[in-house]
Amino acid sequence: MVGTVEKNHASVNSNGSLHNSNGAEEKLDELRRLLGKTDGDLLKIVGVGAGAWGSVFAALLQDAYGHFRDKVQIRIWRRPGRSVDRSTAEHLFEVINSREDVLRRLIRRCAYLKYVEARLGDRTLYADEILRDGFCLNMIDTPFCPLKVVTNLQEAVWDADIVVNGLPSTETREVFEEISRYWKERITVPIIISLAKGIEAALDPVPRIITPTQMIKCATGVPIENILYLGGPNIASEIYNKEYANARICGSEKWSKPLAKFLRQPYFIVWDNSDLVTHEVMGGLKNVYAIGAGMVAALTNESATSKSVYFAHCTSEMIFITHLLTEQPEKLAGPLLADTYVTLLKGRNAWYGQMLAKGELSPDMGDSIKGKGMIQGVSFTSHSSSATR
């Protein structure tokens with residue numbers, strides 16, 4: 001079914017990527033009108049943070065809307081200076097040569113030679129450099145379209161209309177506090193879509209949970225109605241490979257409904273929802289549960305009974321926590337339950353739990369693992385425990 005949709009509604013860009021022509025310009029024009037954009041005034045969208053999901057999200061937007069160059073500008077910020085080690089460069093070279101479309105694209109862009117040199121050890125590649133060519137350091141096996149990369153945070157965000165937070169929750173507050181300094185003289189209020197999964201625990205002045213959207217509100221002063229959370233039962237690499245997936249964008253109806261329409265693709269269905277708290281907290285907790293699921297799977301030799309018992313305990317605890325946080329939480333069903341389920345099945349957190357149980361990794365290795373990036377479940381637990389001390 002997905003293949004049929006692509007055949008009917010997709011065409012090839014000059015850079016070799018696909019773009020969807022199924023009403024894309026109309027959706028873009030509608031969002032531009034809501035934001036008060038006039039002819040010649042670009043809608044500026046910037047992703048902050050270039051992990052797997054943040055990079056894929058920017059690439060999805062670039063594929064869908066990037067060819068409307070007179071109407072929208074899509075860019076992504078990541079820190080400069082992160083080098084690519086020799087073994088990763090060798091693997092990247094193998095990936096490039098296994099994909100004829102990627103190989104041709106790099107040759108056409110006169111970018112192939114540097115990957116040959118890196119493979120031979122004659123050149124050092126950098127994460128922002130390969131991101132421009134469509135490679136995420138945390139997801140080398142899934143090439144995507146080339147992206148416009150900015151390494152200066154002020155340049156990236158100072159006049160952005162929509163900012164997509166692709167940072168880990170542990171870095172969200174710090175980076176958005178810096179961003180707030182660049183927004184002091186802004187007249188218009190930006191829209192912020194947070195992809196971050198994780199929460200902080202605080203005791204002062206009263207015990208409470210702080211979510212990434214609340215961190216952003218506190219750091220920037222942007223009203224909460226302009227800050228939304230997007231999450232769902234999906235794996236970044238699978239979404240970019242156009243495997244059917246869905247997600248929810250949660251927050252004020254003023255922006256969740258038009259943004260859901262703007263982000264929706266034939267293979268990526270986005271729904272709007274007003275329950276920001278439940279979805280955001282569960283988006284953080286699921287990563288902790290996924291580490292446990294990986295450990296259970298490894299220690300019981302993939303016992304279906306053991307995994308189902310563990311899943312039942314997780315869902316019971318999630319229901320209890322959501323009722324502590326809000327009077328009428330979203331029911332733990334549909335996409336919210338599926339989001340937890342797919343994370344327990346597959347992903348870096350479940351993988352980390354398996355490696356931990358097998359003794360191939362240890363907790364003292366930290367929350368950033370080579371080739372996987374930030375393990376959110378680890379960073380969440382360590383950050384929350386330190387916040388309560």
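All residue numbers in this chain count up from 1 along the given sequence.
In this structure, A357 and A298 approach most closely via the heavy-atom pair CB-CB, 3.7 Å. Here the closest non-hydrogen pair linking I76 and S55 is CD1-CA, 3.9 Å. M295 and G353 make their closest contact through CG-O, 3.2 Å (heavy atoms, listed as atom of the first residue, atom of the second, distance). Among all heavy-atom pairs drawn from A160 and P190, the shortest one is O-CB, 3.8 Å. Nearest heavy atom pair, residue V56 against residue Y240, reads CG1-CB, 4.1 Å. What you find for N165 and T172 is that their closest heavy atoms are ND2-OG1, 3.3 Å.
Residues D128 and R132 are paired through a salt bridge, judged by an N-O separation under 4.0 Å between the basic side chain and the carboxylate. The residues D272 and K257 are annotated as salt-bridged, a charged nitrogen and a carboxylate oxygen being separated by less than 4.0 angstrom.
Between T213 and T211, the side chains place a donor N or O and an acceptor N or O closer than 3.5 Å (distance only, hydrogens not considered). For the residue pair N241 and Y267, no side-chain donor N or O sits within less than 3.5 Å of a side-chain acceptor on the partner.
Rounding to the nearest 0.5 angstrom, the gap separating the CZ atom in R78 from the OG1 atom in T151 is 10.0 Å. For the atom pair F93 CZ and L120 CG, the distance stands at 7.5 Å (nearest 0.5 Å). To the nearest 0.5 Å, atoms CG (L344) and CG (N349) are separated by 9.5 Å. Rounding to the nearest 0.5 Å places CG of L228 at 8.5 Å from SG of C250. To the nearest 0.5 angstrom, S274 atom OG is 9.0 Å from H279 atom NE2. If you take CD1 on I291 and CD on Q354, they are separated by 12.0 Å, rounding to the nearest 0.5 Å.
Between N97 and Y112 the shortest side-chain heavy-atom distance falls below 4.5 Å. Between I140 and I130 the shortest side-chain heavy-atom distance falls below 4.5 Å. Residues I224 and S252 fail the side-chain proximity criterion, which asks for heavy atoms closer than 4.5 Å. For the pair I227/Q214, no side-chain contact is recorded, criterion being any heavy-atom separation below 4.5 Å from C-beta on. For the pair Y115 and V95, the minimum side-chain heavy-atom distance is 4.5 Å or more. For the pair L137 and T88, the minimum side-chain heavy-atom distance is below 4.5 Å.
In the displayed structure, D122 atom CG is contacted under 6.0 Å by more than 12 heavy atoms of other residues, nucleotides or ligands. The number of heavy atoms from other shown groups lying within 6.0 Å of CD (E253) does not exceed 12. Heavy-atom neighbours of K217 NZ from other residues, nucleotides or ligands within 6.0 Å: at or below the threshold of 12. Dense packing is recorded around CZ of R173, with more than 12 heavy atoms of other residues, nucleotides or ligands lying under 6.0 Å away. Counting non-hydrogen atoms of neighbouring residues, nucleotides and ligands closer than 6.0 angstrom, the CD atom of E360 exceeds 12 such neighbours. In K71, the NZ atom is crowded: over 12 heavy atoms of neighbouring residues, nucleotides or ligands sit closer than 6.0 Å.
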- Message: Before you tell me yes or no, could you show the steps for L167 and F176 under side-chain contact (heavy atoms from CB on, under 4.5 Å), namely the whole-Å CA-CA distance, both residues' side-chain angles and the distance that decides it to 0.1 Å?
- Response: CA-CA 10 Å; L167 297 162; F176 275 87; 4.2 Å; yes
- Message: Between V222 and I216, does the side-chain contact (heavy atoms from CB on, under 4.5 Å) criterion hold? Intermediate values first, please.
- Response: CA-CA 8 Å; V222 172; I216 293 168; 5.5 Å; no
- Take Y341 and F311, measure what side-chain contact (heavy atoms from CB on, under 4.5 Å) needs, and give me the verdict at the end. CA-CA 8 Å; Y341 180 67; F311 185 65; 4.2 Å; yes
- Carefully, step by step, assess W183 and V157 under the rule side-chain contact (heavy atoms from CB on, under 4.5 Å). CA-CA 8 Å; W183 283 352; V157 304; 4.1 Å; yes
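Remark: side-chain polar atoms of R248 are not paired, donor with acceptor, to backbone N or O of W271 under 3.5 angstrom. Remark: the backbone N or O of G231 is not paired with any side-chain donor or acceptor of W53 at under 3.5 angstrom. In this structure, D85 contributes its side chain and S87 its backbone to a donor-acceptor pair below 3.5 Å. A donor-acceptor pair is defined here as one N or O able to donate and one able to accept, closer than 3.5 Å; such a pair exists between the side chain of Y310 and the backbone of Y289.
Evaluation of the salt bridge (charged side-chain N to carboxylate O under 4.0 Å, His left out) test over residues 175-186, restricted to residues two or more places apart or in two chains, returns none.
Cation-pi geometry between K242 and Y244 is not met at under 6.0 angstrom from the ring centre and within 45 degrees of the axis.
For the side chain to side chain contact (heavy atoms under 4.5 Å, CB included) criterion with I249, the lone passing option out of I193, L276, N273 is I193. Only one option out of L259, I45, L31 pairs with I191 in a side chain to side chain contact (heavy atoms under 4.5 Å, CB included); it is L259.
Hydrophobic clustering (ILVMFWY, side-chain heavy atoms < 4.5 Å, transitive): Y229 and F57 are in distinct clusters. Two different hydrophobic clusters hold I162 and V189 under the rule that ILVMFWY side chains link at heavy-atom gaps under 4.5 Å.
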Name every donor-acceptor pair, under 3.5 Å, that has one atom in a side chain of residues 34-44 and the other anywhere in the protein, sequence neighbours excluded.
| residue | atom | partner | partner atom | Å |
| --- | --- | --- | --- | --- |
| K37 | NZ | L42 | O | 3.2 |
| K37 | NZ | D161 | OD1 | 3.0 |
| K37 | NZ | D161 | OD2 | 3.0 |
| K44 | NZ | D159 | OD2 | 2.5 |

